[in-house]
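So that the names make sense, note that chain A is the first sequence line, chain B the second, and so on, each numbered from 1. Values in this document were obtained by computation on a predicted structure and should not be read as measured data.
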Protein chains: 2
Amino acid sequence: MKRKYDLIYDELAKQIQEGVIKPGTLLPSEKELTEQFETSRETIRKALNLLSTHGYIQKVQGKGSIVLDINKLNFPISGLVSFKELSEKMGQRAKSHVESLELLSPGPHLQEQLKVHEGEFIWEVIRVREIDKEHIILDKDYLLQSKIPNLPLEQCKNSLYEYIEGELGLSIAFAKKEITVEEPTDEDRKYLHLNGFSNIVVVKNFVYLEDASLFQYTESRHRPDKFRFIDFARRNK
Amino acid sequence: MKRKYDLIYDELAKQIQEGVIKPGTLLPSEKELTEQFETSRETIRKALNLLSTHGYIQKVQGKGSIVLDINKLNFPISGLVSFKELSEKMGQRAKSHVESLELLSPGPHLQEQLKVHEGEFIWEVIRVREIDKEHIILDKDYLLQSKIPNLPLEQCKNSLYEYIEGELGLSIAFAKKEITVEEPTDEDRKYLHLNGFSNIVVVKNFVYLEDASLFQYTESRHRPDKFRFIDFARRNK
DNA sequence: GAGTGGTCTAGACCACCAT
DNA sequence: TGGTGGTCTAGACCACTCA
């Protein structure tokens with residue numbers, strides 16, 4: 001059974017997206033919504049808080065919940081555009097190549113980043129992302145073998161996240177991203193079509209599971225002209 | 001009177017920061033905390049949710065709230081490092097120069113970005129940020145005069161946010177950031193010490209007030225070698 | 001099965017906005 | 001002053017983890 005406040009969130013989000021509720025107007029009051037959805041006020045408030053953190057509405061005390069123009073705010077919410085999502089938009093114009101898939105003993109740099117134990121092995125997946133026949137992104141993923149015993153090559157061609165969360169049932173709780181700009185390495189030059197660009201945008205991603213253990217480190221290296229990151233930050237109350 | 005859940009949040013956050021509660025251990029259960037703080041469970045849960053979104057703890061159903069290692073996760077929470085915060089860390093090594101402060105009628109580009117009305121004027125503030133005698137960041141701020149009638153030069157030397165939120169009492173609700181990499185403009189070359197770098201990291205920032213109206217557009221142009229952005233994303237329930 | 005966090009309720013009082 | 005959202009309570013039941 002799905003949560004009640006999720007259902008209410010879905011319903012209201014849909015109405016806003018479809019324009020049934022217009023941007024700039026006010027949502028029905030929380031009291032009215034409790035009657036409309038036959039639930040308690042706290043449940044309505046949970047749904048509204050979700051709408052708020054996802055940029056659908058803005059709550060103003062004493063006034064009401066203002067419906068925002070979702071198109072102007074321009075999603076995704078927090079820059080978490082995976083290549084999978086991107087490629088779905090791009091259709092046939094986007095491709096992914098697995099350049100390498102290995103189980104290896106980590107060197108000092110990776111030991112530091114992943115905090116692996118002595119004698120533990122890690123998976124290394126190197127993938128190149130192609131858009132319109134240009135090689136634009138170099139993705140290097142490192143995963144603890146203790147958490148992921150097997151990593152089929154087939155899965156690497158698609159989304160690692162889908163395999164990890166879907167098939168393995170591991171649940172990703174939070175991630176830390178760090179964006180910097182660096183000079184291209186020999187590896188970058190080897191795999192990417194740099195077109196003379198002398199910088200690479202490096203996105204380092206540290207992924208943690210629900211039990212708060214780190215289990216994946218990803219380095220995503222982008223050609224600068226095709227890089228774009230969007231962040232949507234809300235002041236917390 | 002401060003909110004109860006804020007007080008509880010402050011107290012627990014302090015204990016975690018000071019190491020009174022050790023990373024890796026579990027917080028007292030919600031039931032115990034209700035007794036300890038003499039409050040209801042929902043109030044405790046609000047405090048714990050704050051700790052969670054700020055990266056202090058990780059809640060696990062059926063188990064408890066795991067205390068995270070705040071130093072490993074390495075703040076700030078969502079990359080909102082203002083130059084003010086940075087300069088406080090850098091002390092005398094960081095400086096800010098106001099290059100220009102003008103009230104102007106917006107051209108088509110700005111009209112588009114800020115969605116200003118016909119005949120409305122906007123403030124333009126251009127500032128250069130210096131670290132260790134190098135000019136590294138070019139900040140261009142645009143603010144609606146209808147929201148900010150006066151903008152003293154003195155304030156521009158420090159933090160615009162402090163003036164806006166502190167003295168004017170306007171309340172910033174949320175912001176959208178967009179990070180891209182571009183080629184330097186003549187303006188970049190004029191104001192910044194580019195040291196031969198052929199790219200500029202551009203951070204566009206759209207700031208909205210509590211009534212959901214856009215009132216500021218900022219373009220922050222960084223020399224790539226000194227740029228660093230950190231994002232801390234949590235899966236929402 | 002005991003203990004944990006997650007959801008949900010029904011009601012109270014307060015702070016803020018409009019008129 | 002009436003209506004709005006914000007805080008807080010006391011209690012219920014469910015889902016999950018672990019021994």
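Taking the six-membered ring where tryptophan is involved, the planes of A:Y217 and A:Y142 are essentially parallel, since the angle between them stays under 30° and well short of 60°.
Using a 3.5 Å distance cut-off with no hydrogens or angles, the side chains of B:H54 and B:S52 do not pair a donor with an acceptor. Judged by distance alone, the side chains of A:Q216 and A:T218 do bring a donor and an acceptor atom under 3.5 Å apart. When only modelled atom types and interatomic distance are considered, B:Y56 and B:Q17 share a side-chain donor-acceptor pair under 3.5 Å. B:R129 and B:S96 share a donor-acceptor pair across their side chains, judged by distance under 3.5 Å alone. When only modelled atom types and interatomic distance are considered, A:E11 and A:Q15 share a side-chain donor-acceptor pair under 3.5 Å.
Residue A:R3 places no side-chain N or O under 4.0 Å from the OP1 or OP2 atom of C:dG6. Considering only side-chain N and O atoms, B:S65 lies nowhere under 4.0 angstrom from the phosphate OP1 or OP2 of C:dT4. Here A:K59 does not reach the OP1 or OP2 of D:dT4: none of its side-chain N or O atoms lies under 4.0 Å away. Proximity of A:Y5 to the phosphate of C:dC8: no side-chain N or O atom is located under 4.0 Å from OP1 or OP2.
The interatomic distance linking B:I66 (CD1) with C:dT4 (P) rounds to 15 Å, in whole Å. One atom, CZ of B:F37, and another, C1' of D:dT9, lie 17 Å apart when rounded to the nearest Å. Summarising the geometry, the separation between CZ on A:R41 and P on C:dT9 is reported as 14 Å, rounded to the nearest angstrom. Distance A:I57 CD1 to D:dG5 C1': 11 Å, rounded to the nearest Å. A straight line from CD of A:E35 to P of C:dG11 spans 13 Å, rounded to a whole angstrom. Per the geometry, CD1 belonging to B:I44 stands 15 Å off P belonging to D:dT7, to the nearest Å. What separates CG of B:L48 from P of D:dC8 is a distance of 14 Å, to the nearest Å. Atom CG of A:D6 is separated from atom C1' of C:dC8 by 13 Å (rounded to the nearest Å).
Side-chain proximity of A:Q61 to the nucleotides D:dG6, D:dA15, C:dT7 is greatest for D:dG6. Of the candidate nucleotides D:dT7, D:dT9, C:dT9, D:dT9 has the atom nearest to the side chain of B:T43. Relative to the side chain of B:K63, the nucleotides D:dT7, D:dT17, C:dG6 differ in distance, and D:dT17 lies closest.
In this structure, A:R41 pairs ionically with A:E30, as a charged nitrogen and a carboxylate oxygen lie closer than 4.0 Å. One finds no salt bridge joining A:E42 and A:K46 here, because no Lys/Arg side-chain nitrogen approaches an Asp/Glu carboxylate oxygen to under 4.0 Å.
Donor-acceptor pairing under 3.5 Å, judged by distance alone, is present between the side chain of B:E42 and the base of C:dC8.
Both A:T39 and B:G64 lie close to DNA chain C; mapped to their nearest nucleotides by heavy-atom distance, the more 5′-ward contact belongs to B:G64. Along DNA chain D, the nucleotide nearest A:G62 and the nucleotide nearest A:R45 are compared for position; the residue whose nucleotide lies closer to the 5' end is A:G62.
Taking every heavy atom of residues 24-34 of chain A and every atom of DNA chain C, no pair lies under 4.0 Å.
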